[in-house]
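Throughout, numbering of the chain's residues begins at 1 and tracks the sequence. Everything quoted here is computed from the prediction, not taken from an experiment.
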Amino acid sequence: MLAETLAWLVNIPSPTGQETAICDAIARRMRSTYPPDQIRRIGDSLVVGSPGPGPLILLVGHIDTVPPQGQGPARIEEGVMFGLGTSDMKSGVAVMIHLLEEDAVRNGPYEVVGVFYHGEEGTFADNGLEPVLQETTWLSEAAFAVVVEPTDLELQLGCQGTANATVGFRGKAAHSARPWLGENAITKAGAWLESLHHRQPVEHVLAGLSFFEVFSVTRAAAGVANNVIPADFDLHLNYRFPPHLTLDQAQERMIEVAEPADNLEIHEVVPGAPIPEGNPYLDLLKQVTQAPVTPKQAWTDVARLSQHGIAAVNYGPGEVAQAHQVTESVPINNLDQAYQALLRFLTE
């Protein structure tokens, strides 16, 4: 049963950086269905299946979770399973496992390959999907990929790009009893911070879907003592931009927004994913699932897949609002719905 598989996965702790045990467990289970040469391990990631004469379809899911926050073992109450990773995204991984074990899928019209990867909840640079794609080059021949991120059973297309930078304001230190002898870097930033506080999201409509461009200050650091006027004030600026913007355009927007600051250091700019318009597999998935079609107002690894030439979408049983919650949960019925929809997609 799907619920039993999900409980099994949840009860194998796998916070980012500690995925060896769960990778071992999934590999052992897959050996009961797949020959050794169709189970490839890259670090603590797995590629299950192989290319063949039929169109190649990928099922993609990360096996790590955020760090634990005191959650106990998996438990079910009134049709809902609670536990770390239930929604993000071990419910999706459970669905992947059952689909890969299904004879109708393995003997169906497509070459279905599962990609279980580590490190998604960590840094962009340490994400385990990138070495998988680099070392297993035939994956880039895939006609389509479904990333089983939590989507509330919606079919979420595209994804936002993301950028991170340090915005700095510079003043002059002085004794707090005589502030006129210095310049307070924190209050110097006040007008800029107020403008961001009142800044409204900017809507961009792509293929009928609305993506919202947003700038957010997520961290701040200043001051050396309670009686010293701070000379330096550094803020972390996170920018989420619509997928049609190029990396150069995204950098230009950050420079424009941070213009009042004394300095700007852009650390990374990561592209979003385009909507795979005109892809016949997307059209079939829409028809089979009858799921609401929405934009992905966040970054996911559909962007990384698209950089390798793979058209990809997000569709999974997890609940978006439950991701990273202390009381994280998922309705058991969501697993069944996602499994049945993807089974029809992969076998019809």
Is a donor on one side and an acceptor on the other found under 3.5 Å between the side chain of Gln160 and the backbone of Phe212?
yes
Verdict with supporting geometry, Thr5 and Lys90, side-chain hydrogen bond (donor to acceptor under 3.5 Å, both in side chains)
CA-CA 9 Å; Thr5 298; Lys90 290 184 177 181; over 6 Å; no
Return the set of residues passing side-chain contact (heavy atoms from CB on, under 4.5 Å) with Pro68 (not counting sequence neighbours), or none when no residue passes.
Pro15, Gln71, Leu84
Across all chains, not counting sequence neighbours, the ring pair (Phe, Tyr, Trp, His ring centres under 6.0 Å) partners of Phe124 are Trp299
Partners of Thr347 by side-chain contact (heavy atoms from CB on, under 4.5 Å), sequence neighbours excluded?
Ala104, Val105, Leu343
Quick check for you: to the nearest 0.5 Å, what is the distance between Leu129 atom CG and His308 atom NE2?
7.5 Å
Please name all residues satisfying side-chain hydrogen bond (donor to acceptor under 3.5 Å, both in side chains) with Asn334, sequence neighbours left out, ordered by chain then number.
none
How would you list, by chain and number, every residue that makes a side-chain hydrogen bond (donor to acceptor under 3.5 Å, both in side chains) with Thr166, sequence neighbours excluded?
His267
Is the distance between the ring centroids of His62 and His118 under 6.0 Å?
no
Name all residues meeting the ring pair (Phe, Tyr, Trp, His ring centres under 6.0 Å) criterion together with Phe215; count only those two or more places apart in sequence or in a different chain, and write none if there are none.
Tyr239
How would you list, by chain and number, every residue that makes a salt bridge (Lys or Arg N to Asp or Glu O under 4.0 Å) with Glu111, sequence neighbours excluded?
none
Using modelled atom types and a 3.5 Å cut-off, is there a donor and acceptor pairing between side-chain atoms of Trp192 and backbone atoms of Glu259?
no
Donor-acceptor contact present, side-chain Asp44 to main-chain Cys23, <3.5 Å:
no
Listed partners of Val326 passing side-chain contact (heavy atoms from CB on, under 4.5 Å), at least two apart
Gln69
Let me check something: do Val313 and Leu58 share a hydrophobic cluster, defined by ILVMFWY side-chain heavy atoms less than 4.5 Å apart, either directly or through other members?
no
Partner residues of Tyr34 under the ring pair (Phe, Tyr, Trp, His ring centres under 6.0 Å) criterion, sequence neighbours left out
none
All pairs passing side-chain hydrogen bond (donor to acceptor under 3.5 Å, both in side chains) where residues 176-188 contributes a residue, at least two apart
Lys188-Asp262
Short N-O contact, Arg106 and Glu101, less than 4.0 angstrom:
no
For Asp24, is there an ion pair with Arg41 - N to carboxylate O distance below 4.0 angstrom?
yes
N/O donor-acceptor pair under 3.5 Å between Glu19 side chain and Thr16 backbone:
no
Could you list the donor-acceptor pairs under 3.5 angstrom formed by side chains in residues 273-284, with sequence neighbours left out?
from   : atom 1 : to     : atom 2 : distance (Å)
Asn279 : OD1    : Tyr281 : N      : 2.8
Asn279 : OD1    : Leu282 : N      : 3.2
Asn279 : ND2    : Ala143 : O      : 3.4

Partner set under side-chain hydrogen bond (donor to acceptor under 3.5 Å, both in side chains) for Arg240, not counting sequence neighbours:
Thr162, Asn238
For Ser329, is there any backbone N or O sitting under 3.5 Å from a side-chain donor or acceptor partner on Gln322?
yes
